[in-house]
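Just so you know, these numbers come straight off a predicted model, no measurement behind them.
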Amino acid sequence: MRKLIRSCWLLLAISSGAMADELHTLKVRADFQTAGESVREAIEGAGLVVTTVTHLNQMLVRTAGDLGKGKSPFVDAETIQFCSARLAWELVEESAMQVTFCPLSISVYSQVGVPGSVIAWRSPGRESPARIRGDDLLRELAAKARLLADQ
């Protein structure tokens, strides 16, 4: 019986987390640098603070030889992390485990041989009021960044 209950909890955890892994992308005509600056401008323009920029492509290039990999598929790629204290509080008040959604992040990348850039993010899902606000915020920031980048 305990195994059955554990299995049910595991299935519930997996199914409720599935929506939170929804990936979104917006194609922009701008080059990588312009697209990245536009994401940072959209974040800061909303009164939020960029906390970390992770230079993913640099890591891929640096580790390719050690892992027996070829060239990176990216011209460049980075993930920009930021936080909304108000949203963080809302998320953790709903459920302590939602701390994993903080900080929020938006990635920007440009692929070798593909014109333009991509703005990408992972949704926290829409299963609760705070998650909906987090998803809406990410969508709004990405849309604003796209407008800025393609001006």
Side-chain angles (χ1 to χ4, degrees), residues 10-92 94-128 130-151:
L10 180 60
L11 283 173
L12 179 63
I14 291 170
S15 65
S16 66
M19 291 294 289
D21 287 334
E22 189 176 337
L23 303 177
H24 299 276
T25 61
L26 290 177
K27 181 83 171 133
V28 296
R29 293 185 307 271
D31 63 18
F32 173 81
Q33 183 175 344
T34 302
E37 289 171 0
S38 296
V39 169
R40 286 186 285 282
E41 186 176 336
I43 291 166
E44 292 168 353
L48 303 170
V49 175
V50 171
T51 55
T52 306
V53 178
T54 303
H55 302 282
L56 178 63
N57 193 54
Q58 290 177 8
M59 181 274 299
L60 293 174
V61 169
R62 185 179 66 251
T63 60
D66 294 337
L67 298 173
K69 303 294 182 183
K71 290 186 176 185
S72 169
F74 300 111
V75 172
D76 213 337
E78 67 184 17
T79 297
I80 302 161
Q81 296 180 321
F82 58 96
C83 194
S84 162
R86 184 177 317 279
L87 180 59
W89 271 105
E90 290 175 20
L91 285 163
V92 299
E94 285 180 352
S95 171
M97 73 178 194
Q98 291 186 154
V99 70
T100 60
F101 295 125
C102 299
L104 296 171
S105 64
I106 298 176
S107 296
V108 180
Y109 63 88
S110 180
Q111 292 179 276
V112 174
V114 179
S117 299
V118 175
I119 297 170
W121 68 98
R122 181 176 33 198
S123 170
R126 299 185 69 81
E127 293 82 20
S128 72
R131 286 185 182 196
I132 290 168
R133 280 189 283 287
D135 184 60
D136 288 347
L137 175 61
L138 286 163
R139 289 172 189 263
E140 289 166 15
L141 292 173
K144 175 69 174 175
R146 180 191 216 176
L147 287 173
L148 292 168
D150 284 345
Q151 286 183 349

Is there side-chain contact between [X] and [Y], with heavy atoms separated by less than 4.5 Å?
X: L48; Y: L137; answer: yes
X: Q98; Y: S128; answer: yes
X: S38; Y: V108; answer: no

Given 3.5 Å as the limit, does a donor-acceptor pair link the side chain of [X] with the main chain of [Y], or not?
X: R29; Y: D150; value: yes
X: N57; Y: V75; value: yes
X: S117; Y: A30; value: yes
X: E94; Y: A130; value: yes
X: E78; Y: H55; value: no

Requested in this report: Using the side-chain contact (heavy atoms from CB on, under 4.5 Å) rule, take V114 and K27 through it: C-alpha gap first, then chi angles, then the decisive distance, then the call.
Outcome: CA-CA 11 Å; V114 179; K27 181 83 171 133; 3.7 Å; yes
Practice item. Step by step, work out the side-chain contact (heavy atoms from CB on, under 4.5 Å) result for T79 and V53. Key: CA-CA 6 Å; T79 297; V53 178; over 6 Å; no
Straight-line distance of [X] [atom1] to [Y] [atom2], nearest 0.5 Å:
X: L141; Y: E41; atom1: CG; atom2: CD; answer: 12.0 Å
X: M59; Y: T54; atom1: CE; atom2: OG1; answer: 9.5 Å
X: S95; Y: R131; atom1: OG; atom2: CZ; answer: 7.5 Å
X: F82; Y: T51; atom1: CZ; atom2: OG1; answer: 9.0 Å
X: S107; Y: L23; atom1: OG; atom2: CG; answer: 9.5 Å
X: E37; Y: E44; atom1: CD; atom2: CD; answer: 11.0 Å

List the atom of [X], the atom of [Y], and the distance in Å for their closest heavy-atom pair.
X: S105; Y: W121; answer: O-CB, 3.7 Å
X: S110; Y: F32; answer: CB-CB, 3.9 Å
X: I132; Y: R126; answer: CG2-NH2, 3.3 Å
X: A88; Y: C83; answer: CB-SG, 4.4 Å
X: I80; Y: R40; answer: CD1-NH1, 3.5 Å
X: A42; Y: A145; answer: CB-N, 3.9 Å

Heavy-atom neighbours of R139 CZ exceed 12 at 6.0 Å |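 It does: R139 CZ has more than 12 such atoms within range.
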Q. Does a sphere of radius 6.0 Å around CD in Q33 hold more than 12 heavy atoms from other residues, nucleotides or ligands, not counting ones at 6.0 Å or beyond?
A. no
*Kindly determine whether D135 and S123 satisfy side-chain hydrogen bond (donor to acceptor under 3.5 Å, both in side chains), including the steps that lead there.*
CA-CA 5 Å; D135 184 60; S123 170; 2.7 Å; yes
Do D31 and T34 have side-chain N/O donor and acceptor atoms under 3.5 Å apart?
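Side chains of D31 and T34: pair found under 3.5 Å.
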- Item | V28 and I119: CA distance, side-chain angles, deciding distance, side-chain contact (heavy atoms from CB on, under 4.5 Å) verdict | CA-CA 7 Å; V28 296; I119 297 170; 3.8 Å; yes
inquiry  = Over 60° means perpendicular and under 30° means parallel, so tell me whether F74 and Y109 are parallel, tilted or perpendicular.
reply    =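 Correct class here is perpendicular.
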- Task: Would you please test E90 and R133 for salt bridge (Lys or Arg N to Asp or Glu O under 4.0 Å) and show each step?
- Result: CA-CA 9 Å; E90 290 175 20; R133 280 189 283 287; 2.4 Å; yes
ask   = When you look at Q81 and V50, which way does the side-chain contact (heavy atoms from CB on, under 4.5 Å) test go after all the steps?
value = CA-CA 6 Å; Q81 296 180 321; V50 171; over 6 Å; no
